[in-house]
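We use all heavy atoms of the structure for the numbers below, so side chains are in, but hydrogens, waters and symmetry mates are not.
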Amino acid sequence: MTKKELEKYLRELNQFRYSKERNNNKYMSLLKELRARAKADGDEVALTYANCYIDYQTISNGKGDESTVKKLFNAVQKADEIGDPGLISECRSRFGIVLTKKGDNVGAYENFKAAFDASKKGKLYLYFMKSSNNMAGQLVRLGALEPALLCLREGYQISLDKRDTVIEQYGENAYYFCTNTILKNIADIYYKLGDYENALRMISCIEGLFGDIDKMPVPDGYKPFCACVFLRLGRYAEAEKYNDMDVFDAYSTAQLTESVNNYFELARILLENNYPHNVKKILGLLEKVVFKLGPREACEYLAIRIDYERAYINDKDTLLTLYSKYYEANLMLKKQNERMQTEFINNRLLLEKEIERRNKAEKKSVVFKARSEHDPLTGAYNRYVLNSTCQKWCDEAAKDENKKISVTILDVDNFKYFNDKFGHMFGDKVLMTVYSVIKKNCTNDDAVIRYGGDEFFIVSRNLTDDKVLQRSKKISRDLSEQIIADGKYREKVTITQGIVNGRMSSGKTLLDFIHLADEALYKIKNSGKDGICFIDPESEAFSVRF
């Protein structure tokens, strides 16, 4: 599946997701079609998108269990492995929403933050708007209103700056829905902070940007929220315009929670301001849905209902019935909280195990990388580093005539003699001693490589001929002072060195430098060993220096 084909699927899915006339059957059918195509094409990115959407939709429809949640978590892991910013943002956002419903506020925030960072890094403007909105919501739940406000403002600024881009890539419905939701949530934070004037200003932004509000996909609970704002400002006539009881008909029960919370607030304000008729209407409307949503909502509803009955009717039998229901709802809420706490602890344990597994895997990866780059006997780098890191240095030097590369080949004199006379264990001791002396005279900017057998390479950058020569002399001198002892055997070791130092911009390659250094080495070998020979990479003239 091409990138364009996947983007077309995602655009169509967005049109379904954010449409008021959303058809869940068509939405799921499109998702299953995407999954089938992704499986057939072996496209892991598209398959992870499809699985994430399907699992999340299953949970949203109330049909998922813990295994479905685990599948969604697996999608998060897969997205991280693939590294696609859009996929990371989508999977982590949806998993964060599920954790929010489970009461894991900290875990949800961590996922929203990861989604936010991925979308920001990838310049994915719709995902950025969504993740900033999700993260802000979680910050509100954690009591951090000011940071949430900053987060939402950043998302809103993107919606203004990148409006045309978002609409072109994801469609009008997606853009309007996300921007409306961001504005409503900014207004909601101002409301919580008691800044009703700024809350009203945000409401004006929604209406000013999108015209006739009835034709746009507005957030759940927008109208009762507006009524709350106008009532707090004492603008009762305007509040009446938004005191619309039909908003519940536009959404399914699964999407009502935000609306219910706004209607609770509206009922409280009306009760405070002595509007019994409006309170009665709202309580009647809430009763249709509130007991389907859960014990927390039931407790909220019953508390307001009890206050209403005591203030205006005060019928003892009705109040006793309500108190009995309130007591039952509180017991259910307590059990639900205990269950959610248990689930939270279990999820946290699972997460900790997963983090531990990943840490172990990372440690193994570091160990395997070290093993793949180092000679097991001496600890020197191996040929892999020569072909990767050193080659990269040479490629960089080839582009800059001021940069120099030096290759020094060091060969242990009479190494076969040590192995044959004293055994391979003694030979290993010789190699380890030679490497320790070489390493002691090199810096962290030099690559010391065991090329094979008794040969070592030193590859360095930007050294003068004098500095390379001084280092080589020092290595030979230090080694001549070493006595290698093993039981009754005591021997001294010497080395022969061939050096090439010059600019790669002359057209030479790393392999050319190695061949030249090798020629310099054998120039000394053939004339008595224990010496140093330079070769100029441009003239290829030898200079025996030690």
Side-chain angles (χ1 to χ4, degrees), residues 62 100-101 103 137 140-141 143 184 187-188 191-192 194 196 199 218-341:
T100 302
K101 290 178 180 176
V140 169
R141 291 182 187 93
K184 196 267 178 182
D188 196 44
Y191 186 85
K192 285 181 170 69
Y196 306 122
V218 295
D220 290 3
Y222 173 80
K223 290 183 179 181
F225 173 72
C226 290
C228 292
V229 172
F230 281 114
L231 282 169
R232 289 294 187 198
L233 289 167
R235 293 161 68 167
Y236 303 116
E238 289 163 285
E240 281 297 320
K241 289 193 299 184
Y242 290 97
N243 196 354
D244 180 2
M245 300 301 139
D246 297 328
V247 71
F248 280 98
D249 298 333
Y251 305 99
S252 68
T253 303
Q255 296 169 303
L256 276 175
T257 308
E258 195 62 38
S259 294
V260 168
N261 289 336
N262 282 296
Y263 272 106
F264 284 150
E265 177 68 7
L266 181 55
R268 285 194 191 95
I269 298 171
L270 291 171
L271 202 56
E272 287 170 12
N273 287 280
N274 199 25
Y275 285 92
H277 177 67
N278 298 66
V279 176
K280 188 176 181 181
K281 277 202 301 182
I282 291 171
L283 290 174
L285 180 64
L286 283 169
E287 194 163 11
K288 294 178 183 177
V289 294
V290 75
F291 289 101
K292 296 178 184 177
L293 296 176
R296 184 180 67 81
E297 289 79 6
C299 285
E300 287 264 1
Y301 164 78
L302 288 164
I304 298 170
R305 177 78 190 277
I306 288 167
D307 286 344
Y308 172 77
E309 293 288 340
R310 286 172 62 190
Y312 299 108
I313 300 169
N314 208 16
D315 179 76
K316 288 183 181 179
D317 291 337
T318 305
L319 281 170
L320 283 171
T321 305
L322 288 171
Y323 278 125
S324 176
K325 285 185 179 180
Y326 186 61
Y327 175 75
E328 288 173 13
N330 264 304
L331 283 178
M332 289 175 65
L333 182 59
K334 187 179 178 183
K335 288 178 182 177
Q336 185 189 63
N337 287 338
E338 288 171 355
R339 187 177 70 252
M340 288 174 67
Q341 186 65 25

> Has the side chain of S324 got a donor or acceptor atom that lies under 3.5 Å from a matching backbone atom of L320?
Replying inline: no
>> Can you list everything that forms a side chain to side chain donor-acceptor pair (under 3.5 Å) with Y191? Sequence neighbours excluded, please.
In response: R232, E265
> Got a second to check how far L231's CG is from Y196's OH, nearest 0.5 Å?
Replying inline: 11.0 Å
> Just wondering, more than 12 heavy atoms not from Y312 lying within 6.0 Å of its OH?
Replying inline: yes
>> Once side chain to side chain donor-acceptor pair (under 3.5 Å) is applied, do any residues pair with D307, and if so which ones, sequence neighbours excluded?
In response: none
> Between CZ of F230 and CZ of F225, what distance do you get to the nearest 0.5 Å?
Replying inline: 10.5 Å
>> Once rounded to the nearest 0.5 Å, what's the spacing between atom CD of E328 and atom CG of L302?
In response: 9.5 Å
>> When you compare the side chain of V140 with that of K192, does any pair of heavy atoms fall below 4.5 Å?
In response: yes
>> Would the distance check show the side chain of D188 and the main-chain N or O of K184 forming a donor-acceptor pair, the cut-off being under 3.5 Å?
In response: no
>> Once rounded to the nearest 0.5 Å, what's the spacing between atom OH of Y301 and atom CD of E287?
In response: 3.0 Å
> Of the non-hydrogen atoms in I282 and A267, which two are nearest, and what is the gap between them?
Replying inline: CG2-CB, 4.0 Å
> Do you know which two heavy atoms are closest between Y326 and C299, and how far apart they sit?
Replying inline: CE1-O, 3.4 Å
>> Quick one, T318 and I313 - any side-chain contact, counting heavy atoms below 4.5 Å?
In response: no
>> Assess whether a salt bridge exists between R305 and E309, defined as any Lys/Arg side-chain N lying under 4.0 Å from an Asp/Glu carboxylate O.
In response: yes
> What are the two closest heavy atoms between L266 and A227, and how far apart are they?
Replying inline: CD1-CB, 3.8 Å
> For A199 and V229, which heavy atoms make the closest approach, and how far apart are they?
Replying inline: CB-CG2, 4.2 Å
> If you round to the nearest 0.5 Å, how far is CG of L319 from NZ of K316?
Replying inline: 10.0 Å
>> Rounded at 0.5 Å granularity, tell me how far CD1 in I269 sits from CG in N278.
In response: 11.5 Å
> R296 pairs by side chain to side chain contact (heavy atoms under 4.5 Å, CB included) with which of N330, V290, L333?
Replying inline: L333
> If you look at every heavy atom in E297 and V260, which pair is closest and at what distance?
Replying inline: CG-CG1, 4.3 Å
> Could you go step by step and tell me if Q336 and R339 meet the side-chain contact (heavy atoms from CB on, under 4.5 Å) rule?
Replying inline: CA-CA 5 Å; Q336 185 189 63; R339 187 177 70 252; 3.6 Å; yes
>> For N273 and Y236: C-alpha separation, side-chain torsions, deciding distance, then whether side-chain contact (heavy atoms from CB on, under 4.5 Å) applies.
In response: CA-CA 10 Å; N273 287 280; Y236 303 116; 3.6 Å; yes
